[in-house]
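In this text the structure is predicted, and so the values were computed from the model without any measurement. Every chain is numbered from 1 and lettered A, B, ... according to where its sequence line falls, protein lines coming before strand lines.
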Protein chains: 2
Amino acid sequence: MRAKVHIRLKAGVHDPQGRAIANALIGLGFDEVGEVRQGKLIELDVDADDAPTARARVEEMCRRLLANPVIETYAIDLEA
Amino acid sequence: MRAKVHIRLKAGVHDPQGRAIANALIGLGFDEVGEVRQGKLIELDVDADDAPTARARVEEMCRRLLANPVIETYAIDLEA
């Protein structure tokens, strides 16, 4: 099974990378750009019997390693 | 309008970050993990009259700044 994990900075957490991207885009003439936030996309192959098991395990991976709960949130999408 | 841009390494491009995450997960006992790939998730607020215009502009941003076409692919999702 393939899991996609989206990791985002929580609202209100300062995002200097996003800010730098926004400034660079505006410098290139993309004046229509407002706020930019940069997160991570982690794609994992997971060997599991069924989707609920895979989701529970990937949630545990997020809590223990992939995301920093102080400043980040995560969302999991599963593909068969 | 809000655009989500997923930036992934092309298949075959070596991904040491993904490899490090896989090794760390296996070290924590997540033996069911296979390949791990790490990409980027960039979320942008874009001021545009309609979705086709927004998509065309974000595609141009990807080509000019956000993605490295030699080693990366990108996918754009638009939200109203």
**OP:** Look at A/A3, A/G34, A/G39, A/A54 and state which one has the largest set of heavy-atom pairs under 4.5 Å with chain B.
**Re:** A/G39
**OP:** Quick one: name the residues clustered hydrophobically with B/V70, using the 4.5 Å side-chain heavy-atom rule over I, L, V, M, F, W, Y, and just say none if it's on its own.
**Re:** B/L9, B/V13, B/I71
Original post:
Roughly how far apart are B/I42 CD1 and A/L41 CG, rounded to 0.5 Å?
Top reply: 11.0 Å
**OP:** Under the side-chain contact (heavy atoms from CB on, under 4.5 Å) rule, collect the residues that match up with A/A20, sequence neighbours excluded.
**Re:** none
Original post:
Would A/I7 and B/V33 show up in the same hydrophobic cluster when neighbours are defined by side-chain heavy atoms closer than 4.5 Å?
Top reply: yes
For chain B and chain A, what donor-acceptor pairs lie under 3.5 Å, backbone included?
from	atom 1	to	atom 2	distance (Å)
B/H6	NE2	A/H6	NE2	3.0
B/R8	NE	A/E43	OE1	3.1
B/R8	NE	A/E43	OE2	3.1
B/R8	NH2	A/E43	OE2	3.3
B/E32	O	A/D47	N	2.8
B/E32	OE1	A/R57	NH2	3.1
B/E32	OE2	A/R57	NE	2.4
B/E32	OE2	A/R57	NH2	3.3
B/G34	N	A/D45	O	2.7
B/E35	O	A/D45	N	2.9
B/R37	N	A/E43	O	2.8
B/R37	O	A/E43	N	2.9
B/G39	N	A/L41	O	2.6
B/G39	O	A/L41	N	3.1
B/L41	N	A/G39	O	3.1
B/L41	O	A/G39	N	2.6
B/E43	N	A/R37	O	2.8
B/E43	O	A/R37	N	2.8
B/E43	OE1	A/R8	NE	3.1
B/E43	OE2	A/R8	NE	3.1
B/E43	OE2	A/R8	NH2	3.3
B/D45	N	A/E35	O	2.9
B/D45	O	A/G34	N	2.7
B/D47	N	A/E32	O	2.8
B/R57	NE	A/E32	OE2	2.4
B/R57	NH2	A/E32	OE1	3.1
B/R57	NH2	A/E32	OE2	3.3

**OP:** Name all residues meeting the side-chain contact (heavy atoms from CB on, under 4.5 Å) criterion together with B/A24; count only those two or more places apart in sequence or in a different chain, and write none if there are none.
**Re:** A/L65
**OP:** Would you mind telling me which of B/V5, B/L28, B/I21 has the largest number of heavy-atom pairs within less than 4.5 Å of chain A?
**Re:** B/L28
